[in-house]
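Notes to accompany the following structure.
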Amino acid sequence: MAENTRYALAQTTAHLLASTRYAAVGNVLLFASAIWNGGYLSAVQVLLFAVLVYLHLRMDFDRRLFADFASGRLKPENFDECRAVLGLGRAANAAEMPQRCLGALKLLKKSICLTAVQCGILAVQIIYR
């Protein structure tokens, strides 16, 4: 794959992941509203919120990582080596940029689905209050 394509993929992914900051604020507001409405579904909302916080942390990390890839400050090969040294993954069989981007976008899709579930549960909480 050409270097320009790798940089473009990384930059596009970084921009897509940058939009998740706004969704995180929405998730906090939905969570606060769900807790305010109360009921037994609040426990489900707490679990959903915990998973969403994890996803948002991962997406923010990935956003910064892909921005560094796109700017040339960090090479994927060097990142893989650092991950192995820190015990965060393996350096062998490193993924190519398209697979890295698809993996990051899977996190985004999961957070969108969980946000829809969060909205649905809130609607049920409001209706059956």
Side-chain angles (χ1 to χ4, degrees):
M1 170 176 293
E3 280 296 308
N4 289 343
T5 305
R6 283 176 55 174
Y7 291 134
L9 278 171
Q11 188 66 44
T12 303
T13 303
H15 286 305
L16 285 169
L17 293 176
S19 66
T20 61
R21 287 182 254 172
Y22 306 110
V25 172
N27 290 130
V28 169
L29 293 174
L30 286 169
F31 176 69
S33 180
I35 297 302
W36 182 74
N37 277 297
Y40 64 92
L41 288 174
S42 293
V44 176
Q45 289 281 19
V46 168
L47 292 174
L48 270 174
F49 187 69
V51 173
L52 281 163
V53 165
Y54 169 76
L55 288 174
H56 283 292
L57 288 172
R58 279 284 314 274
M59 288 185 294
D60 188 59
F61 176 79
D62 284 356
R63 177 190 60 81
R64 293 168 190 247
L65 190 64
F66 282 104
D68 286 346
F69 288 160
S71 70
R73 288 186 302 244
L74 180 64
K75 299 233 180 269
E77 302 80 27
N78 299 115
F79 171 69
D80 291 335
E81 282 180 35
C82 292
R83 261 188 358 178
V85 168
L86 295 173
L88 300 174
R90 60 188 187 279
N93 300 330
E96 293 293 321
M97 189 58 69
Q99 287 80 21
R100 292 175 193 271
C101 294
L102 289 172
L105 294 179
K106 281 182 185 179
L107 295 174
L108 179 61
K109 290 174 185 176
K110 287 177 185 178
S111 76
I112 291 169
C113 290
L114 288 177
T115 299
V117 170
Q118 191 181 30
C119 289
I121 292 173
L122 178 60
V124 169
Q125 283 180 284
I126 292 171
I127 291 170
Y128 295 105
R129 185 161 40 147

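The distance from the CG atom of L105 to the CE atom of M59 is 10.5 Å, given to the nearest 0.5 Å. From K110, atom NZ reaches atom CG of L55 across 7.0 Å, with rounding to the nearest 0.5 Å. Atoms CZ and CG, on F61 and L107 in that order, are 11.5 Å from each other to the nearest 0.5 Å. For the atom pair CG (D80) and NZ (K75), the distance works out to 13.0 Å, reported to the nearest 0.5 Å. Taking CD of Q118 as the reference point, atom OG of S111 lies at 10.5 Å (rounded to 0.5 Å).
A distance-only check finds a donor-acceptor pair linking the side chain of T13 to the backbone of L9 [under 3.5 Å]. Formation of a donor-acceptor pair under 3.5 Å by the N37 side chain with backbone atoms of S33 is found in this model. Distance alone, capped at 3.5 Å, places no donor-acceptor pair between the Q11 side chain and the A70 backbone.
Note: the hydrophobic cluster containing Y7 does not contain L16 (ILVMFWY, side chain heavy atoms under 4.5 Å, direct or indirect links). Under a hydrophobic clustering in which Ile, Leu, Val, Met, Phe, Trp and Tyr are joined whenever their side-chain heavy atoms come within less than 4.5 Å, directly or via other members, I112 and L52 fall into the same cluster. Linking ILVMFWY residues whenever their side-chain heavy atoms come closer than 4.5 Å, directly or via other members, places L48 and Y54 in the same cluster. In terms of hydrophobic clustering, with Ile, Leu, Val, Met, Phe, Trp and Tyr side chains grouped at heavy-atom distances under 4.5 Å, L41 and V46 are assigned to different clusters. Residues V28 and I35 are members of one and the same hydrophobic cluster, defined by side-chain heavy-atom contacts under 4.5 angstrom among Ile, Leu, Val, Met, Phe, Trp and Tyr.
Nearest heavy atom pair, residue S42 against residue A34, reads OG-O, 3.5 Å. Residues A104 and D62 share a closest heavy-atom pair of CB-OD2, 3.8 Å. Closest approach of A14 and A67 over heavy atoms only: CB-N, 3.7 Å. Among all heavy-atom pairs drawn from A95 and R100, the shortest one is O-NE, 3.0 Å. Between P76 and M97, the closest heavy-atom pair is CG-CE, 3.7 Å. Nearest heavy atoms, L17 versus F66: CD1-CD1, 4.3 Å.
Under the side-chain hydrogen bond (donor to acceptor under 3.5 Å, both in side chains) criterion, T5 pairs with no residue at all, not counting sequence neighbours.
A salt bridge is defined here as a Lys NZ or Arg NE, NH1 or NH2 lying under 4.0 Å from an Asp or Glu carboxylate O, and E77 with R6 meets this definition. Taking a cutoff of 4.0 Å between a charged side-chain nitrogen and a carboxylate oxygen, R64 and D60 qualify as a salt bridge. A salt bridge is absent between D68 and R63: the closest approach of a Lys/Arg side-chain nitrogen to an acidic carboxylate oxygen does not fall below 4.0 angstrom.
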Next item on the list: Please assess I121 against Q125 for the test side-chain contact (heavy atoms from CB on, under 4.5 Å), listing each intermediate value before the final yes or no.
Entry: CA-CA 6 Å; I121 292 173; Q125 283 180 284; 4.0 Å; yes
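Under the 30°/60° scheme for interplanar angles, the aromatic rings of F31 and F49 are found to lie parallel.
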